[in-house]
Number of protein chains: 2
Amino acid sequence: MLRISRLADYALIIAHFLQQQASLISLEAIAEKTNIPLATVRKLLRYLVQHQIVKSVRGARGGYLLAKPGNCISVADIIEAIEGPIALTECANITQSCQCELSPHCHLKEPWQQINQQLHITLKKVKLTDINASVSSTQQVSSDALQTITTIEPLPIEPSPVKID
Amino acid sequence: MLRISRLADYALIIAHFLQQQASLISLEAIAEKTNIPLATVRKLLRYLVQHQIVKSVRGARGGYLLAKPGNCISVADIIEAIEGPIALTECANITQSCQCELSPHCHLKEPWQQINQQLHITLKKVKLTDINASVSSTQQVSSDALQTITTIEPLPIEPSPVKID
DNA sequence: TTCATTCTATACCAAATCAGTATTGATTTT
DNA sequence: AAAATCAATACTGATTTGGTATAGAATGAA
């Protein structure tokens, strides 16, 4: 399925939570407040620290905090911290050569890279600060990045422009 | 990983191949030409037929062909035919209620639904006709849907607009 | 009318991935 | 030195995925 892993989903919840904290907060407290199992939070924070999304302070009275302002952390950043590069297909990943055995016969590599780039841009535009805890079920939109989503023009149902092939 | 299944990838290859055929073509021929295992092609064609992307003709001299023009079939259509609804997270799927046990505590449902809708629109815009077999390694872009991808403005690195929260 | 051809449907299995956990170690404060 | 807290690795069970096998149904042609 075209789905981010549950762990990446958790990581976004954690990052979003950290954004609301004024100071250091311990692993244990994060687990408690987010309702995510402790051992899982520990694993996720490791990835987030490694990717400079979160900073950690060791020792007694240590804990975690965001490494940078929430408007400098995107959904894409968090997904990539947990899952590695965003790549809809193996061949869409420009950071490594494609091992797909079909690639000698397949002509879709470049289209996939372009589609993937589009997706990446979309997810990169949505920052932590754009994600506002929705109060009850009221639809509440805040940032440009998410605002445009609801105001985008409807898709053409009939044939699209001529192919330039 | 944020990746479409390999089967969905195969399905796009098959659909793209069918688009280039003038008439009915048999399962066996499709498998041969695309280098995808026969049994796998059989399974995929079943999904594509069920979702009215491909038409089948039974009996001797039967085979498959696209059910509609290539510019009316999107990458999203094909992914959904194979994988079901596109949903980056469980709660992004508006076609069924969310079973995630974190949902009572989680505030990210609506943001995810918006991000997901954006992704869906992106994939819906790319039609089969937009995907042109790339000749060798020459970068070759054809349709508007893919063209815009490369001409999109760079992302702001510094803080984004004020939060309206 | 019968047979070969071709699509249809279901069920199964092995391998890969994922979520979750346990454990031992390192660092800092008191 | 002891307590608190983060770091790193490795393991396991469950789920998903890719791939396959097999029996069945429809159609066209001899």
Side-chain angles (χ1 to χ4, degrees), chain A residues 1-14 18 23-32 34-65 67 79 81-84 87 89-90 99-102, chain B residues 1-14 18 23-32 34-65 67 79 81-84 87 89-90 99-102:
Chain A
M1 279 189 297
L2 184 37
R3 184 164 289 192
I4 64 166
S5 66
R6 202 192 298 196
L7 290 179
D9 192 0
Y10 288 169
L12 184 62
I13 292 174
I14 291 170
L18 285 179
S23 61
L24 279 180
I25 183 163
S26 75
L27 167 65
E28 203 164 337
I30 297 172
E32 194 180 324
T34 58
N35 286 276
I36 300 170
L38 182 81
T40 302
V41 174
R42 176 181 292 133
K43 180 197 266 185
L44 292 173
L45 282 169
R46 181 156 65 91
Y47 292 134
L48 293 175
V49 167
Q50 283 172 346
H51 285 77
Q52 284 105 46
I53 291 169
V54 164
K55 266 193 226 163
S56 67
V57 177
R58 284 184 165 199
R61 308 201 130 201
Y64 297 91
L65 78 169
I79 293 175
I82 307 300
E83 305 189 347
T89 62
E90 188 188 338
Q99 303 297 317
C100 173
E101 59 192 30
L102 247 54
Chain B
M1 279 188 297
L2 184 38
R3 184 164 288 192
I4 65 166
S5 66
R6 201 192 298 197
L7 291 178
D9 192 2
Y10 288 169
L12 184 62
I13 293 175
I14 291 170
L18 285 178
S23 60
L24 279 181
I25 182 163
S26 75
L27 166 66
E28 203 164 338
I30 296 171
E32 193 180 325
T34 59
N35 285 275
I36 300 170
L38 182 81
T40 302
V41 175
R42 176 182 291 134
K43 179 196 266 186
L44 292 172
L45 283 169
R46 183 156 64 91
Y47 292 135
L48 293 175
V49 167
Q50 283 172 346
H51 285 78
Q52 282 105 46
I53 291 169
V54 164
K55 266 193 226 164
S56 67
V57 177
R58 284 184 165 200
R61 308 201 131 200
Y64 297 91
L65 79 168
I79 293 175
I82 307 300
E83 306 188 347
T89 62
E90 187 187 339
Q99 304 297 317
C100 173
E101 60 193 31
L102 247 54

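All heavy atoms count here, side chains included; hydrogens, waters and symmetry mates do not. Letters A, B, ... mirror the listed sequences (proteins, then strands); counts begin at 1.
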How close or far is atom P of D:dC6 from atom OH of A:Tyr47, stated in whole angstroms?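 Rounded to the whole Å, the gap is 18 Å.
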What is the distance, to the nearest angstrom, from the CD1 atom on B:Ile82 to the C1' atom on D:dG19?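 In whole Å, D:dG19 C1' lies 14 Å from B:Ile82 CD1.
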Report all side-chain donor-acceptor pairs from residues 2-12 of chain A shorter than 3.5 Å, counting only partners two or more places apart or in another chain.
unit_1, atom_1, unit_2, atom_2, d
A:Arg3, NE, B:Ala87, O, 3.1
A:Ser5, OG, A:Ala8, N, 3.2
A:Ser5, OG, A:Glu83, OE2, 2.9
A:Asp9, OD1, B:Trp112, NE1, 3.4

Looking at every non-hydrogen atom in both residues, tell me the closest pair between [X] and [Y] and how far apart they are.
| X | Y | result |
| --- | --- | --- |
| B:Ala31 | B:Pro37 | CB-C, 4.5 Å |
| B:Ala81 | B:Ile53 | CB-CD1, 3.7 Å |
| A:Gln99 | A:Glu90 | N-OE2, 2.6 Å |
| B:Leu102 | A:Asn35 | CD1-O, 3.4 Å |

For DNA chain C, find the residues of residues 39-46 of chain A with a heavy-atom distance under 4.0 Å and give them by number; none if there aren't any.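 Within this stretch, A:Ala39, A:Thr40, A:Arg42, A:Lys43 sit under 4.0 Å of the strand.
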Atom pair CD1/CE of B:Ile79 and A:Met1 - distance to nearest 0.5 Å: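 B:Ile79 CD1 to A:Met1 CE: 13.0 Å, rounded to 0.5 Å.
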Can you list the steps and then say if A:Ile13 with A:Ile36 is a side chain to side chain contact (heavy atoms under 4.5 Å, CB included)? CA-CA 9 Å; A:Ile13 292 174; A:Ile36 300 170; 4.2 Å; yes
Check step by step if side chain to side chain contact (heavy atoms under 4.5 Å, CB included) holds for B:Leu27 and B:Tyr64. CA-CA 7 Å; B:Leu27 166 66; B:Tyr64 297 91; 4.0 Å; yes
Over all strands shown, is A:Tyr10 touching base, sugar-phosphate only, or nothing at heavy-atom distances under 4.0 angstrom?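 The answer is sugar-phosphate, as A:Tyr10 gets under 4.0 Å only of primed atoms, P, OP1 or OP2.
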Is there a side-chain contact between A:Tyr64 and the phosphate of D:dA7, meaning an N or O under 4.0 Å from OP1 or OP2?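 For D:dA7, OP1 or OP2 has a side-chain N or O of A:Tyr64 closer than 4.0 Å.
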Return no unless some side-chain N or O of A:Ser56 is found under 4.0 Å from OP1 or OP2 of D:dT5.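 No, A:Ser56 has no side-chain N/O under 4.0 Å of OP1/OP2 on D:dT5.
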Which is the 5'-most and which the 3'-most nucleotide of DNA chain C that has an atom under 4.0 Å from a heavy atom of chain B?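 Contact boundaries, 5' end first: C:dT5 to C:dC18.
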Under 3.5 Å, sequence neighbours excluded: what are the donor-acceptor pairs made by side chains of residues 38-51 of chain A?
unit_1, atom_1, unit_2, atom_2, d
A:His51, ND1, A:Tyr47, O, 3.0

Backbone N or O of B:Ala67 within a donor-acceptor pair of the B:Gln52 side chain at under 3.5 Å?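 Checked: no pair found.
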N/O to N/O distances under 3.5 Å, protein versus nucleotides 25-30 of chain D:
unit_1, atom_1, unit_2, atom_2, d
D:dA26, O4', B:Arg58, NH1, 2.4
D:dT27, O2, B:Ala60, N, 3.2

Might you list the N or O atoms of the protein lying below 3.5 Å from N or O atoms in nucleotides 14-17 of chain D, with each pair's distance?
unit_1, atom_1, unit_2, atom_2, d
D:dT17, OP1, A:Met1, N, 2.9

